[in-house]
Amino acid sequence: MRIFLAAFGLGILASASMADNAQIGWSDLLDASTQVFEDPYRDLSPGQLDDLVEVARLRQQVAAGDASISAQLAAREAELAENGVDAEWLISQRWVVAERREQAASAGNPELDGAEVTISGFAIPAPPASDGTSIAYLVEQRGMCSHMPPPMPNQMIRVRLVSDWTPEYMHQPVSLTGRLHIHPTQEVFRVVDGEVPMAATWRLDAVTVETYSPAPLAADASSEWVDQLRAKLKANKAQTGE
């Protein structure tokens, strides 16, 4: 299936520029300059991270005047120090690292801002825009935003469709062609099992829509989202005793 969206004169644009469109992947959407940064929390074990959070909480209580927990605080700090963890420095870095993580998750590749591209993914139906324009969201993996959390904003595309086409079903695999823009948006609407916050760094003004057959996900594939999915499946299996 291939749908040409000729409304508003965009049919001419599509036929004239289709050969020049770049086929891009999802990693191309990231601003590479924000992806590499020092994150000292990555090297902590889950237990050490829990202890660090507890130290920060206890320090707040002591600062508020609760001296009864001073011994408990000192014990936690000593335990971290014995394992080579500098609690003082790590706590001082929390907002610095939080800002870097936010940039890594939301900043879009400036070289693609305004570019004509083709990208493949899974389309999620969405309510129309206030002007009546058909809207969908495109994500990299089937299942995102439904039962599992949405991806990072710079891995989500809000799609404006200049026709009345909408996805026929949740996570319909499609290849979309159009002009891509860095245009952050935040919407909340119902997706299958509840209200979902849909934060997208990108907007795609789609000119054509084509179906495509996604390759099966490799057994050893890994990403933050895939790891979340594996953890949830493992938890479900444990609960059911299968």
Side-chain angles (χ1 to χ4, degrees), residues 26-110 139-141 143-156 184 186 188 193-201 217-242:
W26 287 88
S27 61
D28 297 321
L29 298 174
L30 303 173
D31 181 352
S33 69
T34 67
Q35 298 306 303
V36 179
F37 58 91
E38 183 179 0
D39 186 345
Y41 303 106
R42 290 193 184 115
D43 297 329
L44 298 179
S45 69
Q48 289 172 334
L49 189 57
D50 287 343
D51 285 342
L52 187 64
V53 171
E54 181 67 5
V55 165
R57 186 185 68 81
L58 293 173
R59 284 188 175 187
Q60 286 183 331
Q61 289 183 244
V62 170
D66 186 357
S68 65
I69 59 172
S70 297
Q72 182 183 352
L73 172 60
R76 287 294 182 100
E77 290 175 332
E79 183 178 351
L80 286 171
E82 287 176 4
N83 290 293
V85 178
D86 187 343
E88 184 75 33
W89 182 75
L90 286 169
I91 291 173
S92 74
Q93 293 296 299
R94 63 191 186 280
W95 300 120
V96 175
V97 174
E99 183 177 353
R100 290 171 180 168
R101 287 181 177 179
E102 174 64 24
Q103 281 294 308
S106 61
N109 181 355
V139 294
E140 181 183 10
Q141 298 288 345
M144 287 179 167
C145 307
S146 172
H147 307 296
M148 295 300 294
M152 299 184 301
N154 55 14
Q155 295 288 275
M156 171 122 55
Q186 292 194 38
V188 177
D193 54 352
E195 298 288 313
V196 177
M198 305 289 278
T201 294
L217 188 65
D220 60 349
S222 182
S223 69
E224 182 177 355
W225 183 85
V226 171
D227 291 343
Q228 288 177 332
L229 177 59
R230 287 191 176 123
K232 183 170 184 177
L233 291 175
K234 184 177 180 180
N236 289 344
K237 185 175 181 180
Q239 289 175 356
T240 58
E242 297 178 356

_Straight-line distance of Thr201 OG1 to Asp31 CG, nearest 0.5 Å_ = 10.0 Å

*Does a side-chain heavy-atom distance below 4.5 Å link Pro151 with Glu140?*
no

*Between the side chains of Gln72 and Arg76, does any donor sit under 3.5 Å from an acceptor?*
no

*Could you walk me through whether Leu30 and Asn109 pass the side-chain contact (heavy atoms from CB on, under 4.5 Å) test, one step at a time?*
CA-CA 5 Å; Leu30 303 173; Asn109 181 355; over 6 Å; no

_How close do Tyr41 and Leu49 get, counting heavy atoms only, and between which atoms?_
CD2-CD1, 4.3 Å

_Short side-chain to backbone donor-acceptor contact, Asn154 and Ala105, under 3.5 Å_ = yes

*With a 4.5 Å limit on heavy-atom distance, are the side chains of Val55 and Ile91 in contact?*
yes

*Nearest-0.5 Å distance, OG of residue Ser106 to CE of residue Met156*: 12.5 Å

*Heavy-atom distance under 4.5 Å between the side chains of Met198 and Gln186, does that happen here?*
no

*From Glu77 atom CD to Asp51 atom CG, the distance as rounded to the nearest 0.5 Å*: 11.0 Å

*Can you name the closest pair of heavy atoms from Ser70 and Ala67 and give their distance?*
OG-O, 3.0 Å

*Using atom types as modelled and distance alone, determine if a side-chain donor or acceptor of Thr34 lies under 3.5 Å from a backbone N or O of Ala107.*
no

*Would you indicate whether the side-chain heavy atoms of Val196 and Val188 approach each other to under 4.5 Å?*
no

_Could you measure the distance from the CD atom of Glu38 to the CG atom of Asp43? Nearest 0.5 Å is fine._
9.0 Å

*For the student: nearest non-hydrogen atoms of Leu80 and Ala87, plus distance*: CD1-CB, 4.0 Å

_Pairs meeting criterion side-chain hydrogen bond (donor to acceptor under 3.5 Å, both in side chains) with involvement of residues 82-100, two or more places apart_ = Arg59-Glu88

*Spatial distance of atom CG (Leu44) from atom CG (Leu90) [nearest 0.5 Å]*: 5.5 Å

*Say you draw a straight line from CZ of Arg57 to CD of Glu54; how long is it, rounded to the nearest 0.5 Å?*
4.0 Å

